[in-house]
Amino acid sequence: MTLYLDPEVKYGGMKVGGIRISAMSHLDKPQSFFLTETRGKKKQHTVEPLRQQQSQNIPTEPSPDEVMNVLQDAEKAAKGGRASFTEWWNSAPVKANGQWARKVVQGLFPGTENKLDALQKFAIQADAMAQEDDTVTEDDPFGTSQEVA
């Protein structure tokens with residue numbers, strides 16, 4: 001819907017201005033209405049169909065390179081575990097452009113397949129491997145599997 005300010009709108013006999021509709025979606029052709037201007041006087045007002053313009057910056061489908069980049073980013077995030085993958089999944093770039101990055105991972109575009117289940121399992125395995133890690137850390141100089149005597 002496209003609105004505009006009409007300074008000629010009157011209220012109580014005074015010009016106070018008002019909002020009018022110039023164009024509206026879901027119309028096949030221009031529609032005319034008779035709106036009350038003053039008591040007993042009506043004026044014709046026409047609403048045009050809204051022409052929807054698709055932005056040139058938002059593709060309807062991602063290119064093969066974009067699909068590959070999204071899948072690589074998703075795999076990298078899954079390697080970091082569930083928290084890392086969840087953070088990636090909810091990030092602004094993934095949610096941008098009608099969430100097509102999520103659709104790529106879910107296999108909703110032609111030529112793509114559902115990778116979400118595999119990435120989720122990969123993230124869970126990464127978490128499990130991180131818990132089993134026996135490396136010495138700054139906070140635990142003995143590693144998690146060694147007992148202190």
Side-chain angles (χ1 to χ4, degrees), residues 1-9 11 16-37 42-149:
M1 179 183 304
T2 304
L3 304 175
Y4 70 95
L5 173 64
D6 182 355
E8 299 299 313
V9 172
Y11 181 77
V16 293
I19 298 172
R20 300 249 191 228
I21 300 170
S22 64
M24 197 162 78
S25 63
H26 300 90
L27 294 179
D28 296 330
K29 58 184 179 181
Q31 299 286 320
S32 292
F33 304 94
F34 285 94
L35 303 176
T36 303
E37 190 173 83
K42 296 192 182 247
K43 185 176 178 183
Q44 185 175 7
H45 181 70
T46 304
V47 178
E48 299 291 328
L50 182 63
R51 305 280 181 232
Q52 294 199 0
Q53 298 175 347
Q54 218 174 12
S55 173
Q56 299 296 333
N57 298 335
I58 301 175
T60 55
E61 286 187 21
S63 70
D65 287 340
E66 290 171 321
V67 168
M68 185 176 64
N69 289 338
V70 165
L71 293 175
Q72 286 174 347
D73 290 347
E75 187 174 327
K76 182 179 177 184
K79 285 181 181 178
R82 291 177 65 169
S84 176
F85 185 69
T86 301
E87 182 179 337
W88 174 82
W89 185 259
N90 291 309
S91 67
V94 173
K95 290 183 174 181
N97 296 335
Q99 300 188 8
W100 64 255
R102 287 182 175 184
K103 294 174 184 175
V104 166
V105 171
Q106 294 170 323
L108 299 177
F109 285 113
T112 62
E113 58 184 59
N114 188 348
K115 302 275 188 189
L116 183 58
D117 292 338
L119 289 166
Q120 288 171 334
K121 288 177 186 174
F122 195 51
I124 291 168
Q125 288 173 349
D127 283 345
M129 289 176 60
Q131 289 178 351
E132 294 173 5
D133 192 3
D134 290 338
T135 60
V136 174
T137 65
E138 186 177 315
D139 294 333
D140 186 6
F142 297 103
T144 56
S145 66
Q146 296 181 8
E147 294 179 24
V148 179

What pairs with Glu48 under side-chain hydrogen bond (donor to acceptor under 3.5 Å, both in side chains), at least two apart in sequence or on another chain?
none
Ser84 side chain vs Ala77 backbone, donor-acceptor pair below 3.5 Å
yes
Which residues pass the side-chain hydrogen bond (donor to acceptor under 3.5 Å, both in side chains) test with Arg82, sequence neighbours left out?
none
Please list all pairs meeting side chain to side chain donor-acceptor pair (under 3.5 Å) that have one or both residues in residues 70-81, counting only residues at least two apart or in different chains.
none
Does Ala83 offer a backbone N or O that forms a donor-acceptor pair with the side chain of Thr86 under 3.5 Å?
no
Pairwise side chain to side chain donor-acceptor pair (under 3.5 Å) hits with a residue in residues 101-113, at least two apart:
Asn90-Arg102, Gln99-Arg102, Glu113-Lys115
Could you state the interatomic distance from NZ (Lys43) to CZ (Phe34), rounded to the nearest 0.5 Å?
12.0 Å
How long is the span from the CD1 atom in Ile21 to the CG atom in Leu50, to the nearest 0.5 Å?
11.5 Å
Partners of Asp127 by salt bridge (Lys or Arg N to Asp or Glu O under 4.0 Å), sequence neighbours excluded?
none
With rounding to the nearest 0.5 angstrom, report the CE to OG distance, Met68 to Ser63.
9.0 Å
Under the side chain to side chain contact (heavy atoms under 4.5 Å, CB included) rule, what do Leu116 and Phe85 come out as? Steps first, then yes or no, please.
CA-CA 11 Å; Leu116 183 58; Phe85 185 69; 4.0 Å; yes
How many angstroms lie between atom CG of Leu35 and atom NZ of Lys42, to the nearest 0.5 angstrom?
8.0 Å
Got a sec, which residues hit ring pair (Phe, Tyr, Trp, His ring centres under 6.0 Å) with Trp89, two or more places apart in sequence or on another chain?
none
